[in-house]
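On a predicted model such as this, the values are computed, not experimentally measured, just so you know. Convention: sequence-line order gives letters A, B, ...; per-chain numbering from 1.
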Number of protein chains: 2
Amino acid sequence: MKISSTIEWAIHCCSLLAGLPPEVNLTGKDLAEYHGVPHPYLAKALQTLSSDGILMTVSGPRGGYKLAKKPSKVSLLDIVLSIEGSDSCFDCDEIRQKGPGALERSASYKKPCLIASAMWKAEKVWRDELDKVKLSDLLEKVKTEVDPRQLKKGADWIAQRTQSKK
Amino acid sequence: MKISSTIEWAIHCCSLLAGLPPEVNLTGKDLAEYHGVPHPYLAKALQTLSSDGILMTVSGPRGGYKLAKKPSKVSLLDIVLSIEGSDSCFDCDEIRQKGPGALERSASYKKPCLIASAMWKAEKVWRDELDKVKLSDLLEKVKTEVDPRQLKKGADWIAQRTQSKK
DNA sequence: CCAATTGCAGATAAATTTTATCCATGATAG
DNA sequence: CTATCATGGATAAAATTTATCTGCAATTGG
């Protein structure tokens, strides 16, 4: 029941991009370097985000990634589902239909398994909670909660990166 | 982000045991057979549940497992955490402290990462939801929602199992 | 048009986790 | 004292996650 670290990287990348001016983009390599994670693997995640319409790509020299929507239109759930896929995390194997207690005709099982229902309900509240949090909410909090020196350092590094390529 | 099928088995086993009279116990083999799952592997889960105080074991001939607490005192969360461990499903790797935007002294990072906080909050509502559902709630619903023929068939099989060993 | 940069898709491989099995041991009812 | 049953440890197979590489397509700037 572990959430893969790719999710963590993907959210960090998206929220970084959300804070940049709309004309700026960063390459996959920049994003990997910025976060200290392996580039080729992160690239996979970025490609997925882009094919799901969360990121936009600009190819060619001075290309890279930028956010495809307004930060207020992208929730953490969007990112999580893009990377992990939207399948439920609980698979009901219908084991109630398997043992000696089971009835022959599976048509007898109209209502979903009670246990599965409970697990799915819990997953729903989890997803709803993640859907409430938009990238714009994170940006807002960053302004008030994150050390300004850190913000400056990050911004400088990005500025230098985008400048030096001109 | 998949929930292992062991969880599903464990919950089914516990809710089956919850419906039996207090003096009755079922062996690991019975439980495996009843649910149509591999015995040696299920045994591991039953052992874990028992070492976590959710199940009681009776060793020796005519031994087996029974519920260690009243059904109203065991929640789905108890079972899930017993099997999966209680670690959070989201690991914060503190990647904000890794890239070129990071500050040198990690003491500067007093508040938890905003992204991790959001993920943990979502996990909390998930857990709270699962903790609301007790085995007694499932039993209650089983009475009204499950086909009586199925209940009878299961009960008969169990009765035959527990009888034939006398 | 050319050359360099960048994302894309697919194949592949290493590492880790999940799933599964087996066996020796200890407890206990009959 | 014997058959039954849980326990704990070791082991192995299977699946998934993590990671890398390579050739290709698109695009920009010269």
Side-chain angles (χ1 to χ4, degrees), chain A residues 1-10 13 17 23-33 35-66 68 83-85 87 89-91 93 95 161-162 164-166, chain B residues 1-10 13 17 23-33 35-66 68 83-85 87 89-91 93 95 161-162 164-166:
Chain A
M1 214 186 37
K2 279 289 164 195
I3 289 178
S4 86
S5 50
T6 317
I7 297 274
E8 187 183 3
W9 305 348
C13 287
L17 290 170
E23 73 280 6
V24 176
N25 57 54
L26 289 176
T27 68
K29 212 173 159 191
D30 287 343
L31 285 166
E33 204 172 324
H35 294 109
V37 302
H39 168 230
Y41 189 40
L42 177 65
K44 286 290 176 202
L46 296 172
Q47 283 166 29
T48 305
L49 290 168
S50 130
S51 79
D52 285 336
I54 294 171
L55 296 183
M56 262 192 57
T57 70
V58 182
S59 64
R62 296 190 51 65
Y65 296 94
K66 60 171 83 173
I83 302 292
E84 296 259 304
D87 287 354
C89 66
F90 182 81
D91 265 348
D93 264 346
I95 70 178
R161 267 309 158 103
T162 51
S164 69
K165 286 175 199 154
K166 278 198 178 143
Chain B
M1 215 187 34
K2 279 288 165 197
I3 290 178
S4 86
S5 50
T6 317
I7 298 275
E8 186 182 4
W9 305 348
C13 288
L17 290 170
E23 73 278 6
V24 176
N25 58 54
L26 289 176
T27 68
K29 212 172 158 191
D30 286 343
L31 285 166
E33 204 171 325
H35 293 109
V37 303
H39 168 230
Y41 189 40
L42 177 65
K44 288 292 177 201
L46 296 172
Q47 283 166 31
T48 305
L49 289 168
S50 133
S51 79
D52 285 337
I54 293 171
L55 297 183
M56 265 192 56
T57 71
V58 182
S59 64
R62 297 191 50 65
Y65 296 94
K66 61 172 80 172
I83 301 293
E84 296 257 307
D87 287 354
C89 66
F90 182 81
D91 265 348
D93 264 347
I95 71 179
R161 268 308 159 103
T162 50
S164 68
K165 287 176 200 153
K166 277 200 178 138

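- The minimum heavy-atom distance linking G64(B) with N25(B) is given by the pair N-OD1, 3.9 Å.
- The 12-atom threshold is not exceeded at NZ of K29(B), counting heavy atoms of other residues, nucleotides or ligands nearer than 6.0 Å.
- D93(A) places its CG atom 14 Å from the C1' atom of dT18(C), with the value rounded to the nearest Å.
- Between C89(B) and M1(A) the shortest heavy-atom distance is CB-O, 2.8 Å.
- Look at OH on Y65(B): it is 15 Å from C1' on dT28(C), rounded to the nearest Å.
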Classify every nucleotide of nucleotides 12-26 of chain D by which part a protein heavy atom approaches to under 4.0 Å, writing B for the base, S for the sugar-phosphate alone and - for neither, in 5'-to-3' order. ------BBB-----B
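- In plain terms, the two heavy atoms of G28(B) and L42(B) that are nearest each other are O-CD2, 4.2 Å.
- E33(B) is linked by a salt bridge (Lys or Arg N to Asp or Glu O under 4.0 Å) to R161(B), counting only residues two or more places apart in sequence or in another chain.
- Look at CG on L31(B): it is 12 Å from P on dC5(D), rounded to the nearest Å.
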Quiz: residues 43-60 of chain A side-chain donor-acceptor pairs under 3.5 angstrom, not counting sequence neighbours:
from, atom 1, to, atom 2, distance (Å)
T48(A), OG1, K44(A), O, 3.0
S51(A), OG, T48(A), O, 3.2
D52(A), OD2, S82(A), OG, 2.6

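- Contact between the side-chain N/O atoms of T57(B) and the OP1/OP2 oxygens of dT7(D) is found at a separation under 4.0 Å.
- The nearest pair of heavy atoms linking D87(A) to K2(B) is CB-NZ, 3.9 Å.
- In this structure, the CZ atom of F90(A) is 16 Å from the C1' atom of dT18(C), given to the nearest Å.
- Counting heavy atoms from C-beta outward, T6(A) and Y41(A) have side chains that approach closer than 4.5 Å.
- Looking at T162(A) and L26(A), their side chains come closer than 4.5 Å, going by heavy atoms from C-beta outward.
- Axis angle across the helix from dC1(C)-dG30(D) to dG30(C)-dC1(D), with five pairs used at each end and values rounded to 10°: 20°.
- Within residues 45-53 of chain B, no residue has any heavy atom closer than 4.0 Å to DNA chain C.
- Between the CG atom of L55(A) and the P atom of dT6(C) there is a distance of 17 Å, given to the nearest Å.
- Nucleotide dC8(C) holds its P atom 17 Å from the NZ atom of K29(A), rounded to whole Å.
- Pairing each heavy atom of E84(B) with each of S4(B), the nearest pair is OE2-OG, 3.6 Å.
- One atom, CE of M56(A), and another, P of dT27(D), lie 11 Å apart when rounded to the nearest Å.
- Formation of a donor-acceptor pair under 3.5 Å by the S5(A) side chain with backbone atoms of E8(A) is not found in this model.
- Between L26(B) atom CG and dT4(D) atom P there is a gap of 17 Å when expressed in whole angstrom units.
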